[in-house]
Amino acid sequence: MQISHSRVECFEGCPHRYKLRYIDKYGTLKPDNADNPLFLGTALHTGIEKDVKTAIEEYFAQYPIITDEHINEAIKLEYQIPKVKSILPQGEYEVQIKDEDFIGFIDLLVPVKHELTLEEMDEVCDNCEKNCDCNYANSGILCKKMMNQTNPTKYYDLYDFKYSNNVYHYKDSPQLHLYKYYFEKTHPGTKIRNMQFVIVPKVGIRQKKTETLSEFRQRLDEELKKTEIKFLNIDYNPEYVIDFLTKTKKMLEETEFKKNESWLCGWCEYQEYCKKGYDYFMNLPENKRRNIEEINKKTIWLYGSPFSGKTTFANKFPDPLMLNTDGNIKFVDAPFIPIRDEVKVTGRMTQRKFAWEVFKEAIAELEKKENTFKTIIVDLLEDTYEHCRLYMYDQMGITHESDDSFRAWDKVRTEFLSTLKRLMNLDYENIILISHEDASKDITKRGGDKITAIKPNLQEKAANKVAGMVDMVARIIADDNKRTLSFKSDEVVFGGGRLTTSVNEIDLDYDTFLEVYEEANKSAAANLKSEEKKEEKTTTRKKAKVTDEEEIKGTSIKEAISKLTSVDGKNIEEQIQGDELTESRNEEKAIEEPKEEKKEEAPKATRTRKRRGE
């Protein structure tokens with residue numbers, strides 16, 4: 001791996017950002033702000049190396065729409081680029097430094113004529129074969145012997161361009177120290193004499209509300225004339241190289257890549273993904289069949305009468321977090337988030353946050369997976385639906401769905417179900433929904449008998465949708481001190497889910513429930529595999545039939561007949577001959593039978609004529 005200065009600098013700033021950029025290689029959408037440092041810096045380098053026109057075209061090409069702000073930045077480049085070029089010496093631009101460990105680019109490398117310093121002359125004299133005390137010794141001037149060397153040392157000055165006002169930041173930068181070290185290492189017989197940052201100042205004034213665009217640009221031109229290009233000399237220090245190698249070792253050995261949150265996060269391209277949890281990335285899964293018998297996640301909807309043991313049973317699942325709406329958490333030890341309206345009073349101002357907003361914020365925080373919970377419990381589900389209704393009433397400016405019957409019912413249900421889908425898609429081991437039981441409605445059977453319907457206390461259309469999101473719908477029944485878990489589902493008792501159990505009822509016990517769930521999951525997997533095998537057999541037969549038909553079409557009739565064989569192994573041609581013989585015998589019989597019939601019918605015809613007097 002080739003390590004660059006910018007890579008290590010990114011890791012030092014924030015290991016998590018380094019991971020996203022260089023390991024996960026997450027790309028981001030191009031920013032559209034006109035003063036983007038990357039786009040402006042690249043345009044400045046292009047302009048110094050080539051010309052102003054090319055630099056402006058390259059800068060504008062980064063944006064889909066050019067506004068006045070972009071033109072303002074182009075005006076700054078048009079002024080600064082010629083100014084920088086006029087004071088820079090001639091040299092080679094974008095010189096690559098590259099070996100098996102490091103890669104970098106020198107903005108400008110200028111060859112120079114160098115007169116040796118006294119220290120350098122001492123080194124020359126020490127290596128001189130004459131070992132004499134000549135006139136050139138310790139003079140700083142090369143003697144004829146040294147001037148006639150076949151491979152004299154070549155000296156260069158190194159320049160790096162920066163479009164910035166932060167001069168002091170670059171004084172402690174290891175960038176030029178690394179360039180000098182690795183350039184001399186990869187180019188034997190060369191030395192970097194001087195290292196300098198060329199600081200091109202930015203003008204950051206903004207247009208006032210009281211001035212026109214023309215007035216602002218006139219003021220901008222005046223500010224640009226006040227700017228001054230600065231050269232920042234850097235004295236080489238090998239300690240920076242040692243420190244760079246130490247940080248590189250740490251970077252390569254890192255495994256956690258923790259976040260380093262600071263004020264610099266405002267300039268990070270991953271800010272929304274990292275801090276707000278917005279995920280714009282799509283990683284395709286591995287092209288490999290999943291083991292459907294393996295249980296990675298359980299989604300369950302429990303309902304029953306109050307105080308039947310629903311919350312206590314859910315509390316037995318590992319590492320639970322309860323999103324509680326009714327305050328019934330006195331006899332459970334799971335941590336919880338109260339889902340209720342939050343009211344803050346500041347002076348005479350009262351601010352209210354709806355319970356539905358609290359619920360959505362909890363889901364957003366859980367989506368980040370920055371916790372150790374394994375089970376998420378919503379207790380009670382119907383309360384969250386009511387919270388959603390009240391929130392939507394406030395958004396739509398109504399007091400009931402009937403106030404806007406064309407849209408309100410649908411908008412409330414859509415808001416509720418879309419948020420619930422976010423909850424059900426959370427990457428946790430168990431998602432449990434809890435509801436109270438509703439036995440207030442009667443249904444009439446075909447025979448006319450009325451019977452009480454038992455279902456969760458949730459609006460019917462929403463309940464049917466929720467049942468399709470879970471693996472199991474189970475009812476908890478409390479009969480005196482005995483509590484059972486019922487999976488029964490019929491026209492009277494509400495049920496559903498993707499899994500079907502072999503038993504209708506079990507004791508309300510966590511371990512027993514896990515056994516039933518695992519058995520139902522294996523049964524569903526076995527049924528799916530058997531259906532797949534049937535489909536494979538059907539597909540194979542169809543393919544074989546198509547292949548035979550294609551072979552027959554491509555051959556003569558005699559060849560086709562000779563290739564085909566009957567079920568008992570006999571040749572089709574033999575069968576055809578046998579069938580022809582059988583058919584000929586049947587025809588002979590058919591010819592003889594009509595003659596006999598005619599002989600029998602003749603007397604009947606004679607009797608008929610006699611009756612008529614013929």
Tell me whether the count of non-hydrogen atoms from other residues, nucleotides or ligands lying under 6.0 Å of [atom1] in [X] goes above 12.
X: R340; atom1: CZ; answer: no
X: K522; atom1: NZ; answer: no
X: E69; atom1: CD; answer: no

Rounded distance [0.5 Å steps], [atom1] in [X] versus [atom2] in [Y]:
X: N33; Y: E73; atom1: CG; atom2: CD; answer: 9.5 Å
X: L426; Y: L366; atom1: CG; atom2: CG; answer: 6.0 Å
X: L485; Y: N504; atom1: CG; atom2: CG; answer: 11.5 Å
X: L213; Y: I71; atom1: CG; atom2: CD1; answer: 8.0 Å
X: Y22; Y: I3; atom1: OH; atom2: CD1; answer: 10.0 Å
X: D107; Y: D160; atom1: CG; atom2: CG; answer: 4.0 Å

Is the shortest heavy-atom distance from the side chain of [X] to the side chain of [Y] under 4.5 Å?
X: F373; Y: P335; result: yes
X: T375; Y: E429; result: no
X: T484; Y: I476; result: no
X: L420; Y: M469; result: yes
X: M251; Y: Y18; result: yes
X: M322; Y: I337; result: no

What closest approach, in Å, do [X] and [Y] show between heavy atoms, and which atom pair accounts for it?
X: F161; Y: H45; answer: O-CE1, 3.4 Å
X: A74; Y: I56; answer: O-CD1, 3.6 Å
X: N260; Y: P15; answer: CB-CD, 4.3 Å
X: I434; Y: A314; answer: CD1-CB, 3.9 Å
X: N72; Y: L220; answer: O-CD2, 3.9 Å
X: V203; Y: E223; answer: CG1-CB, 3.8 Å

Distance-only polar pair, side chains of [X] and [Y], donor-acceptor under 3.5 Å:
X: N328; Y: D379; value: no
X: T384; Y: W356; value: no
X: Q459; Y: K465; value: no

Ring centres of [X] and [Y] under 6.0 Å apart?
X: F257; Y: H16; result: no
X: Y63; Y: H70; result: yes
X: Y59; Y: F39; result: no
X: Y270; Y: Y26; result: no

Any donor and acceptor pair, going by atom type alone, linking the side chain of [X] with main-chain N or O of [Y] inside 3.5 Å?
X: Q207; Y: E211; result: yes
X: Y303; Y: F494; result: yes
X: T46; Y: T42; result: yes
X: T312; Y: G309; result: no
X: T325; Y: L380; result: yes
X: E382; Y: H436; result: yes
X: T346; Y: M349; result: no
X: D403; Y: T399; result: yes
X: N527; Y: S523; result: yes
X: D480; Y: K482; result: no

Ion pair [X]/[Y], N-O distance below 4.0 Å:
X: D490; Y: K488; value: yes
X: K360; Y: E357; value: no
X: K19; Y: E254; value: no
X: E437; Y: K310; value: no
X: E401; Y: K411; value: no
X: K249; Y: E253; value: yes
X: K259; Y: E261; value: no
X: K455; Y: E460; value: no
X: R352; Y: E342; value: no

Please confirm whether K369 makes a cation-pi placement over Y428, using NZ or CZ under 6.0 Å from the six-membered ring centre and within 45° of the ring normal.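 The answer is yes, since K369 meets both limits relative to Y428.
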Mark yes or no: K208 above the aromatic ring of F216, with NZ or CZ under 6.0 Å from the six-membered ring centre and no more than 45 degrees from the axis.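 Not flagged: K208 not positioned over aromatic ring of F216.
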Using side-chain contact (heavy atoms from CB on, under 4.5 Å), reason through Y391 and F416 one step at a time and then give a plain yes or no. CA-CA 10 Å; Y391 171 77; F416 174 73; over 6 Å; no
Given the rule in the side-chain hydrogen bond (donor to acceptor under 3.5 Å, both in side chains) test, do S164 and N166 qualify, once you have shown the distances and angles that lead to the verdict? CA-CA 6 Å; S164 173; N166 191 359; 5.5 Å; no
Please collect all salt bridge (Lys or Arg N to Asp or Glu O under 4.0 Å) contacts where either partner lies in residues 494-515, sequence neighbours excluded, each pair once.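 Qualifying pairs, neighbours excluded: D471-R498.
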Quick one: which residue pairs count as a salt bridge (Lys or Arg N to Asp or Glu O under 4.0 Å) with a foot in residues 314-325, not counting sequence neighbours?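 Output for this query lists D319-K374.
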Should L458 and L381 be marked as a side-chain contact (heavy atoms from CB on, under 4.5 Å) after you check the CA-CA gap, both sets of side-chain angles, and the distance that decides it? CA-CA 8 Å; L458 185 66; L381 183 63; 4.0 Å; yes
In terms of ring plane angle, is the pair F513 and Y517 parallel, tilted or perpendicular, where the classes change at 30° and 60°?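 Rings of F513 and Y517: tilted, as their planes differ by 30° to 60°.
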Where does the angle between the aromatic ring planes of F197 and Y170 fall among parallel (under 30°), tilted (30 to 60°) and perpendicular (over 60°)?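 Rings of F197 and Y170: tilted, 30 to 60°.
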Would you check, one step at a time, whether the test side-chain hydrogen bond (donor to acceptor under 3.5 Å, both in side chains) holds for R389 with Y385? CA-CA 6 Å; R389 292 180 68 194; Y385 183 76; 5.3 Å; no
Start with the C-alpha gap between E269 and R17, add the side-chain angles, then the distance that decides, and say whether side-chain contact (heavy atoms from CB on, under 4.5 Å) holds. CA-CA 9 Å; E269 66 270 34; R17 183 187 186 189; 2.8 Å; yes
Determine whether L423 and I376 satisfy the following criterion, side-chain contact (heavy atoms from CB on, under 4.5 Å), listing intermediate values before the conclusion. CA-CA 9 Å; L423 173 74; I376 309 300; 4.1 Å; yes
